[in-house]
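Below: the structure, in structure tokens.
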Amino acid sequence: KGIVLVLHDITGLKKLEQVRTDFVANVSHELKTPVTSIKGFTETLLDGAMHSEPLREKFLNIIAKESERLQDLIEELLELSRIEQSYFRLNWHTTNFKTIIEEVFDLLKEKAKNKGIHLDLVIEGDTTLEGDATRLKQIAINLINNAIAYTPTGGHVTVFLKGRENRVELDVIDTGVGISESELPRIFERFYRVDRARSRNSGGTGLGLAIVKHLVEAHSGIISVTSQVGKGTTFSIEFHKERQQ
Ligand code: ADP
């Protein structure tokens, strides 16, 4: 029995080591892409392109965009690392999810409008719960942002917030590109993206859902997803109204 246990532990350690190695490789790759681009365009400017007004503007815009991407990536990496620390704690208070969702709507409605996406909100029942308002807001922003990003112009994003007896449920429903069954289990992994180019264009880092999952679980909540390619995706979260042990 002892031997079985030891073998089991070694397998676990190897897996952990593999996860760590993959993570370092992913981070390096993700950081390298914008840095290479910034370096390349800076050199091209210094080599003479800066004397051409249209080229100068074009290249500086690319440099600005790639620097911003680098900054977003570093901020999300730091955020993920903070959340994954063993001493990470939520700031528990009694809060109303309705107020949080309304704030998120104010933040994102312009973005949806600019992309030509119909953004709707349905609220039912008493949505008061114990939780960390800042983190609940972060969860909602991430999911609604994704729904907008992965839904083409003319589509719909509906946010459904339901207060039940002991639980509060949040559904974010979109009529977007969808996710295939084989990719679905992987989307919560750090850096996993179904379509790298699409994610990149929408300013994605591939870390958002990993962060969301952590935060939902820190609240003892459950997150699930259903999707159909070409039809749309629904992310559903269930929170207990009362803080669990
Ligand atoms: P990203 O920054 O790339 O959006 P996320 O961790 O938030 O990273 O999501 C991981 C991947 O899951 C995305 O790259 C995308 O492929 C897929 N995804 C997330 N939300 C949706 C959605 N609402 N519709 C379709 N695909 C989605």
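Whatever order the structure lists ligands and atoms in, that order sets their numbers, starting from 1.
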Look only at the side chain of K111 and the backbone of I148, and say whether a donor-acceptor pair between them is shorter than 3.5 Å.
no

Hey, is F188 one of the residues with a heavy atom under 4.0 angstrom from ligand 1?
no

Mind checking the CG-CD1 spacing from N96 to I101? Nearest 0.5 Å is all I need.
10.5 Å

Using 4.0 Å as the upper bound for N to carboxylate O, is an ion pair formed by R186 and E183?
no

Atom indices of ligand 1, in the order listed, that fall short of 4.0 Å to a heavy atom of T233:
24 (N), 25 (C)

Show the atoms of ligand 1 that are less than 4.0 angstrom away from any heavy atom in I187.
10 (C), 12 (O)

The answer for which part of D174 has a heavy atom under 4.0 Å from ligand 1 is side chain

Check step by step if salt bridge (Lys or Arg N to Asp or Glu O under 4.0 Å) holds for E30 and R196.
CA-CA 11 Å; E30 294 295 330; R196 200 164 272 267; 2.6 Å; yes

Can you check whether Y150 has an N/O within less than 3.5 Å of an N/O in ligand 1?
yes

Per-atom contacts, ligand 1 versus G206 - under 4.0 Å to a heavy atom
1 (P), 2 (O), 3 (O), 6 (O), 8 (O)

Using a strict 4.0 Å cut-off to heavy atoms of Y192, name the atoms of ligand 1 that fall inside it.
10 (C), 11 (C)

For D22 and Q18, run side-chain hydrogen bond (donor to acceptor under 3.5 Å, both in side chains): C-alpha distance rounded to whole Å, both residues' side-chain angles, the deciding distance at 0.1 Å, then the answer.
CA-CA 6 Å; D22 288 352; Q18 189 60 45; 3.0 Å; yes

Can you check whether L209 has an N/O within less than 3.5 Å of an N/O in ligand 1?
yes

Report, in ascending order of atom number, the atoms of ligand 1 lying under 4.0 Å from any heavy atom of G204.
1 (P), 2 (O)

Side-chain donor/acceptor of K241 to backbone N/O of R164, under 3.5 Å
yes

Salt bridge E68-K65, side-chain N to carboxylate O under 4.0 Å:
no

Is there a side-chain contact between D171 and K162 in this structure, where contact means two heavy atoms from C-beta onward sitting under 4.5 Å apart?
yes

Min over V177, N146, V212 of heavy-atom distance to atom 7 (O) of ligand 1 lands on N146

Looking only at protein heavy atoms, which one is nearest to atom 3 (O) of ligand 1, and how far off is it?
S199 OG, 2.6 Å

Provide, to 0.1 Å, the distance between atom 16 (O) of ligand 1 and the closest protein heavy atom, together with that atom's residue and name.
V194 N, 3.0 Å

Can an N or O of I179 be found at a distance shorter than 3.5 Å from an N or O of ligand 1?
no

Nearest protein heavy atom to atom 14 (O) of ligand 1, by residue and atom, and its distance?
R193 CG, 3.0 Å

R190 with E79: basic N within carboxylate O range, under 4.0 Å:
no

